[in-house]
There are 2 protein chains.
Amino acid sequence: MVASNDNSRSPSKYICYKLSRVMRKVHRYYESNLSQYGITPSQFYVLSAVWERDGLKFKDLAKSLDMDGSTLTSILDRMERLDLVERRNDPEDRRSLLVFLTEKAKQKISEIAHLAEGLDQEIKERFSDEEFATFEKVLEKFSQE
Amino acid sequence: MVASNDNSRSPSKYICYKLSRVMRKVHRYYESNLSQYGITPSQFYVLSAVWERDGLKFKDLAKSLDMDGSTLTSILDRMERLDLVERRNDPEDRRSLLVFLTEKAKQKISEIAHLAEGLDQEIKERFSDEEFATFEKVLEKFSQE
DNA sequence: CACAATTGATTTCCTTACCAACGAACAAGT
DNA sequence: ACTTGTTCGTTGGTAAGGAAATCAATTGTG
């Protein structure tokens, strides 16, 4: 808490810096665990989102992940190379693409999701329930607006 | 809160995803405001850290920002090109580098810091004091361990 | 002293992220 | 039908983040 006082020059007084630092840390934690499945955290988010709604539109996928289309394009490129997802044409709109999980991905995803839930559990255990609930509430509010 | 329940498949149930999403949002907010000074959020963190301790060692800078050395190398490259920082040899260790702010940076940094404090203020105002205090406490705990 | 091990910083490679510009396809209006 | 405008996805550019390999300099050990 020392570095948060207002007349300090330290970057650690700024929200954005704090968030970025923690995010990177948690990201590395996920990354090191997901690597045994040969995927990255971002690829895992895409897998989860497509698992939730197989065959959804590219643009809806991007929107649901709050991700720029061009970022998703390159992630899907790699995931297609890894045989995790498949892009198919949308019969209703020739500009649009539909995204599907491959059989390979369908077989792996629930195990991976289980692992990720375990990682979350380990993180949560470091805090009190209320503390963490408030933390998540604030995050939720952030991403809504 | 809907998406956080445990039997959902949505990526938004995972801490790492939530953090990344919020972080990106806040990052974009900072980015759009800092761009008037021609710098990025990460460059701003470096400026702040060097402003706090001018002439610190490269490795200490990287450590204090919890940043990989290779990342810092490329950020400093750009910042040197922008005439914001300067690398000098460490007289005590020829492997080591010392990092200094340029005059140009010294003149701009306090104004930029003031802007950033304003951005933080605007964010804070969206939450209750306790709520946000807990949020920051959790972030703090995260980055300590 | 000499040699091995470690440290400091850079380079290269890969992934993510975003913006701006683009071309193709669709929609709306006249 | 034709033109105008919009939407969809990709491409190309830049920045950041990190892992691994590398080189030079320093430290440790025999």
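Values below: all heavy atoms of this structure, side chains included; hydrogens, waters and symmetry mates excluded. All chains are named by letter (A, B, ...) in the order of the sequence lines, taking the proteins before the strands, and each is independently numbered beginning at 1.
Distance, B:Asn89 CG to D:dA24 P: 16 Å, rounded to whole Å. Atom pair A:Leu76:CG and D:dG9:P shows a separation of 10 Å (rounding to whole Å applied). Rounded to an integer number of Å, the gap from B:Met67 CE to C:dA9 P is 15 Å.
For the pair B:Thr71 and D:dG17, the criterion of a side-chain N or O lying under 4.0 Å from OP1 or OP2 is not met. Remark: A:Ser96 is not in phosphate contact with C:dA25, judged by side-chain N or O atoms under 4.0 Å from OP1 or OP2. Regarding contacts with the backbone of D:dT27, every side-chain N or O of B:Arg95 stays at 4.0 angstrom or more from both OP1 and OP2. When the side-chain nitrogen and oxygen atoms of A:Thr73 are compared with OP1 and OP2 of D:dT11, none of them lie within a distance under 4.0 Å. In this structure, B:Arg94 does not reach the D:dT27 phosphate: none of its side-chain N or O atoms is under 4.0 Å from OP1 or OP2. Contact check, B:Ser42 against D:dG17: a side-chain N or O comes under 4.0 Å of OP1 or OP2. Proximity of A:Ser70 to the phosphate of D:dG9: no side-chain N or O atom is located under 4.0 Å from OP1 or OP2. The side chain of A:Arg28 places no N or O atom within less than 4.0 Å of a non-bridging phosphate oxygen (OP1 or OP2) of D:dG17. Proximity of A:Arg78 to the phosphate of C:dT16: a side-chain N or O atom is located under 4.0 Å from OP1 or OP2.
Within the 6.0 Å centre-distance limit, the rings of A:Tyr14 and B:Phe44 are counted as a close aromatic pair. Between B:Tyr17 and A:Tyr30, the ring center distance fails the sub-6.0 Å criterion.
Geometrically, B:Arg88 engages B:Phe100 in a cation-pi contact, judged by NZ or CZ lying under 6.0 Å from the ring centre and within 45° of the ring axis.
Of the two residues contacting DNA chain C, namely A:Asp66 and A:Asp93, the nearest-nucleotide position lying further toward the 5' end is that of A:Asp66.
Under a 4.0 Å N-O distance rule, the pair B:Lys25/A:Asp66 does not qualify as a salt bridge.
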